[in-house]
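For reference, the structure I am asking about is given below.
Order of the sequence lines sets the chain letters (A, B, ...), proteins ahead of strands, with each chain counted from 1.
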2 protein chains.
Amino acid sequence: MGYRENPRPGGRSARVQAAVHQSVRNMLATMDRADVTIPLIAQRANVTPSTIYRRWGDLQELLADVAAARLQQEGEPATIGSARQDLEAWVEQYADEMASGVGRQMLRDILAAADSANAEKCGTYTRYQLGVFIARAEKCGEPFPTLEELMDHVISPIIYRILFDCLPETGYVPGLIAKVMPKGLPGA
Amino acid sequence: MGYRENPRPGGRSARVQAAVHQSVRNMLATMDRADVTIPLIAQRANVTPSTIYRRWGDLQELLADVAAARLQQEGEPATIGSARQDLEAWVEQYADEMASGVGRQMLRDILAAADSANAEKCGTYTRYQLGVFIARAEKCGEPFPTLEELMDHVISPIIYRILFDCLPETGYVPGLIAKVMPKGLPGA
DNA sequence: TCACTAACGCAAATTATTTGCTTTTATGCA
DNA sequence: TGCATAAAAGCAAATAATTTGCGTTAGTGA
């Protein structure tokens, strides 16, 4: 993205960004992805194409930016039962969202961009979410996997399968989690 | 890719494909990726741009095709020591190649393409390679992880880290392998 | 060798991207 | 509040990429 992060004199950036993002989301939801072009996005967002080109560079960067923004809006994890139960529910939902058509496409958009900043953001955000569970487990004295274990052995396999098209069967997520849980106390 | 797989009357496809692939590889090796365009590739391969457009559709598909072809040229695994030792050596090399600049870019090219056929191929090929080790271990009665375990807990974490930019430190690969090795006999 | 047809080349038409210049507008300061 | 400032947006011309229709070429099978 070519422009500065925080608004300065003359910055109408926030308004324009919102309009463009919205326009992209609408178009991705309603039409074939191959027909989503910058001139069309611009027209629907009531801006000029050159504004988009100067700000985002190309379509891939823009799509990556929109996708990353969406991922960050996923809800905070719920607090229903034990940290393990809540983790299981959260990961299950995470896997479903990522494996869905739009989720998959978001992942690909993020990875396709030349700038890897959004990919990093994506991983950072996931780690943050998992950190919430870990902190809660620690507070309760509940045995729990480390962040690295969760990233390497729960999140990674899920994402790999989604990206490389070997979709996980049902019951896959609980199996992964059971595998990284520290031994000592049984079941949920 | 728009054309048929096996040559039919009128097909000069093999020659053209070789020239185009070569041209792409040369360009990726020598110039900035942003300057790699279809008209330029066509010129260096001595074909018309429309030939490339009709055959591959767009630049992303072409890059994905070239990347997938490269991945398949990785050498057969060596037979030096035990299946575990050889697996370790192979995975270490696999991780290095994928984490390198070109390897990373190949992965992204493959995932960026609208058509996921190349992504599937990529996974299939990795599984095939791992299958070689498994078969050898089985023949020798050496305890060994299953294919699923290797994909989920060795390959997936490596690829995830490469794609999402949290690069593995040295000693990472042996740790992953140790983790999936069946218990019962120690070390290598 | 010949007929057949998939794949290629060519060029015109369309569409996307880049760029120089002008205009707008949020901000900080007087 | 109003003015000076500069970042971001608009506009339009120039350039570059993509699509497409149609004629040509060259493997293949009979």
Side-chain angles (χ1 to χ4, degrees), chain A residues 1-24 26-28 31-66 69 109 112-115 117, chain B residues 1-24 26-28 31-66 69 109 112-115 117:
Chain A
M1 294 206 302
Y3 290 0
R4 8 202 349 158
E5 286 301 324
N6 46 345
R8 284 295 151 68
R12 273 151 294 181
S13 31
R15 256 207 310 284
V16 170
Q17 159 157 4
V20 170
H21 271 224
Q22 171 95 54
S23 165
V24 170
N26 282 345
M27 291 176 68
L28 287 179
M31 49 193 287
D32 195 69
R33 136 173 256 82
D35 300 330
V36 176
T37 65
I38 287 189
L40 200 52
I41 294 168
Q43 184 189 319
R44 302 214 184 177
N46 270 103
V47 295
T48 15
S50 64
T51 294
I52 296 182
Y53 285 115
R54 279 201 246 253
R55 186 154 175 173
W56 281 277
D58 62 16
L59 183 60
Q60 285 192 348
E61 291 297 331
L62 173 55
L63 291 177
D65 191 43
V66 171
D109 287 340
D115 182 352
Chain B
M1 300 211 293
Y3 289 3
R4 16 204 341 162
E5 287 301 326
N6 46 346
R8 283 295 150 71
R12 271 151 297 182
S13 31
R15 254 205 311 284
V16 169
Q17 158 157 4
V20 171
H21 271 226
Q22 171 96 52
S23 166
V24 170
N26 283 343
M27 293 178 67
L28 287 180
M31 49 194 286
D32 195 69
R33 142 173 252 82
D35 300 329
V36 175
T37 66
I38 287 187
L40 200 52
I41 294 168
Q43 184 188 319
R44 301 214 182 176
N46 270 104
V47 295
T48 352
S50 64
T51 295
I52 296 183
Y53 286 114
R54 277 200 249 253
R55 185 152 176 176
W56 281 278
D58 62 17
L59 183 59
Q60 286 192 348
E61 290 296 331
L62 172 55
L63 291 177
D65 190 43
V66 171
D109 288 340
D115 181 353

*For A:R15 and C:dT24, give me the distance from atom CZ to atom P, rounded to whole Å.*
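Going from A:R15 (CZ) to C:dT24 (P), I get 14 Å.
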*Can you tell me the distance, in whole Å, between the CD1 atom of B:I52 and the C1' atom of C:dA7?*
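One finds 14 Å between C1' of C:dA7 and CD1 of B:I52, rounded.
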*For B:R44, enumerate each residue passing the salt bridge (Lys or Arg N to Asp or Glu O under 4.0 Å) test, keeping only those at least two apart in sequence or located in another chain.*
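Partners of B:R44 under the salt bridge (Lys or Arg N to Asp or Glu O under 4.0 Å) test: none.
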_Earlier contact from the 5' end, DNA chain D, for A:V16 and B:L59_ =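 Residue closer to the 5' terminus by nearest nucleotide: A:V16.
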*Positions of residues 39-48 of chain A (non-hydrogen atom under 4.0 Å from DNA chain D), listed by number*: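 Residues of residues 39-48 of chain A under 4.0 Å from DNA chain D: A:N46, A:V47, A:T48.
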*Rounded to the Å, how far apart are A:D35 CG and C:dT15 C1'?*
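So the two atoms are 13 Å apart, to the nearest Å.
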*Using side-chain contact (heavy atoms from CB on, under 4.5 Å) as the criterion, list what pairs up with B:N26, not counting sequence neighbours.*
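B:N26 satisfies side-chain contact (heavy atoms from CB on, under 4.5 Å) with B:Q22 once adjacent residues are dropped.
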Using a cut-off of under 3.5 Å, enumerate the N/O to N/O pairs linking the protein to nucleotides 18-22 of chain C.
from   : atom 1 : to    : atom 2 : distance (Å)
C:dG20 : O6     : A:R54 : NH2    : 2.4

*Give me the one residue out of B:T51, B:D65, B:D115 that meets side-chain hydrogen bond (donor to acceptor under 3.5 Å, both in side chains) with B:W56.*
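Testing each of B:T51, B:D65, B:D115 against B:W56, the sole residue satisfying side-chain hydrogen bond (donor to acceptor under 3.5 Å, both in side chains) is B:D65.
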*Using a cut-off of less than 4.0 Å, is there contact between a side-chain N or O of B:S13 and OP1 or OP2 of C:dA7?*
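Looking at the OP1 and OP2 atoms of C:dA7, neither is under 4.0 Å from any side-chain N or O of B:S13.
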_Could you measure the distance from the CG atom of B:L62 to the CD atom of B:Q17? Nearest 0.5 Å is fine._
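Between B:L62 CG and B:Q17 CD, I get 9.5 Å after rounding to 0.5 Å.
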*Would you give the length of the straight line joining atom CD1 of B:I38 to atom CD of B:Q43, rounded to the nearest 0.5 angstrom?*
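These two atoms lie 14.0 Å from each other.
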*Any idea which of D:dA9, C:dA7, D:dG27 is nearest the B:R55 side chain?*
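The listed nucleotide nearest to B:R55's side chain is C:dA7.
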*List for me each residue that meets side-chain contact (heavy atoms from CB on, under 4.5 Å) alongside A:A42, sequence neighbours excluded, and say none if there are none.*
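Here the qualifying residues are A:V47, A:P49, A:I52.
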*Residues that A:D35 engages under side-chain contact (heavy atoms from CB on, under 4.5 Å), provided they are two or more places apart*: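 With neighbours one apart ignored, the set is A:M31, A:D32.
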*Sub-3.5 Å donor-acceptor pair from the side chain of A:R55 to the main-chain atoms of A:S13, do we have one?*
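Present.
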